[in-house]
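Structure first, then comments.
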Amino acid sequence: MKRLFLPGFILAALAAVALSGCATDLKPHETTGLPSLSFQNKALNPRNGGQLVEADSLRPGDIILTAENGLNSVGIRLATLSPVSHAAVYMGNEQVAEAVGSGIRRRSLTALMNEEATIVAFRHPDITMEQADRINLFAARHDGKKYNYLGVMLQAPFALERRMCELPLVPSLVRDFCIRGIAAIQLGLGRNDQFFCSQFVLEAYRSAGLPLTDADPRLINPGDLLHMREGDVPSVRIHKPLRYVGHLKSAPDIVAADQSQR
């Protein structure tokens, strides 16, 4: 039994490493300008640290990523290998729009702060007030519509299979093509009037004429949105990296880092 167990254990460990994935990309080095291998940042805080911000730092159209302590959130984070499990968009007037199990809804920023354990905000560098208004109109038009349960169910097997596309040293173009190909097979055709959380954010931006990526919004999870930030390695090709606004609520390590900078 021992002879059979050890090889099996090793194979299982290798498979776990392979499935964990770690997207990479060649980017110019900050000082030399020579090509340098960059790895996807699995941490929630940016590589140069983090900062705590107040609600008045937010602007309409900002993308809000969150995580809570419940089993559902933990399951999503494990499946997607990400520190976030939910995405929403800031509407202004301390309101966010989001897709949850009960459907598309608005939630107050106060409720968000009370119910989520971690909250971080990002901003598209080119968003205009007119485009933010279009995002608000999209959210208002879909308010109360049903949640995309089928899309979430299909995300589970897709989240595992796509890891083979995100192995280290896989070129970004190959990775993008691979993920989209698997998505076309795994996700099939879906409805365009029901959304899960990150899909809702992607569709809202697309409706405003400011698409974050040309990839199918149904293959994007909250972790993918996180990796669209500046200085990170996105899993799929994007148009512009998102700027880090700050943490509205976070773990003690971000608090300590922010206080040490003041």
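Of all heavy-atom pairs between Ile179 and Ser235, the closest is CD1-O, 3.6 Å. In this structure, Leu225 and Ala87 approach most closely via the heavy-atom pair CD1-CB, 3.7 Å. Taking each heavy atom of Leu202 and Ile220 in turn, the nearest pair found is CD2-CG2, 3.8 Å. Here the closest heavy-atom approach between residue Arg134 and residue Ser207 is recorded as O-OG, 4.2 Å. Nearest heavy atom pair, residue Arg162 against residue Asn221, reads NH1-ND2, 3.4 Å. Taking all atoms of both residues into account, the shortest heavy-atom contact from Arg106 to Asp143 is N-OD1, 4.2 Å.
Within a 6.0 Å radius of CZ in Arg107, more than 12 heavy atoms belonging to other residues, nucleotides or ligands are found. In Lys146, the NZ atom is not crowded: 12 or fewer heavy atoms of neighbouring residues, nucleotides or ligands sit closer than 6.0 Å. Around CG of Asn93, the count of heavy atoms belonging to other residues, nucleotides or ligands within 6.0 Å does not exceed 12.
Of the N and O atoms on the side chains of Asp232 and Gln40, not one donor lies less than 3.5 Å from an acceptor on the other residue. Counting only N and O atoms by type, the side chains of Glu94 and Ser108 include no donor and acceptor under 3.5 Å apart. Side-chain contact annotation: His239 with Asp214, donor-acceptor N/O pair under 3.5 Å present. Side chain to side chain, Thr128 and Gln131 meet the donor-acceptor criterion of an N or O pair below 3.5 Å.
Using modelled atom types, one side-chain atom of Lys249 and one backbone atom of Met113 make a donor-acceptor pair closer than 3.5 Å. When atom types are taken as modelled, the side chain of Tyr205 and the backbone of Gly209 share no donor-acceptor pair closer than 3.5 angstrom. At least one donor-acceptor pair closer than 3.5 Å links the side chain of Thr213 to the backbone N or O of Arg237. Distance alone, capped at 3.5 Å, places no donor-acceptor pair between the Ser250 side chain and the His247 backbone. At distances below 3.5 Å, not a single donor-acceptor pair connects side-chain atoms of Gln155 with backbone N or O atoms of Leu150. Arg175 places a side-chain N or O within 3.5 Å of a backbone atom of Pro234 that can act as its donor or acceptor partner. When atom types are taken as modelled, the side chain of Thr80 and the backbone of Ile76 share a donor-acceptor pair closer than 3.5 angstrom. With hydrogens and angles ignored, the 3.5 Å screen pairs a side-chain donor or acceptor of Asn148 with a backbone N or O of Gly151. Judged by distance alone, the side chain of Tyr244 and the main-chain N or O of Gln51 form a donor-acceptor pair under 3.5 Å. One N or O on the side chain of Tyr149 and one on the backbone of Gly101 form a donor-acceptor pair closer than 3.5 Å.
The salt bridge (charged side-chain N to carboxylate O under 4.0 Å, His left out) analysis of residues 57-70, with sequence neighbours excluded, yields the pairs Asp62-Arg123.
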Query raised in the report: Going through the checks in order, is the salt bridge (Lys or Arg N to Asp or Glu O under 4.0 Å) test met by Lys240 and Asp126?
Result: CA-CA 8 Å; Lys240 283 285 186 72; Asp126 296 335; 2.4 Å; yes
Query raised in the report: Could you walk me through whether Tyr147 and Phe195 pass the side-chain contact (heavy atoms from CB on, under 4.5 Å) check?
Result: CA-CA 5 Å; Tyr147 185 73; Phe195 313 105; over 6 Å; no
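To the nearest 0.5 Å, atoms CG (Leu169) and OG1 (Thr24) are separated by 5.0 Å.
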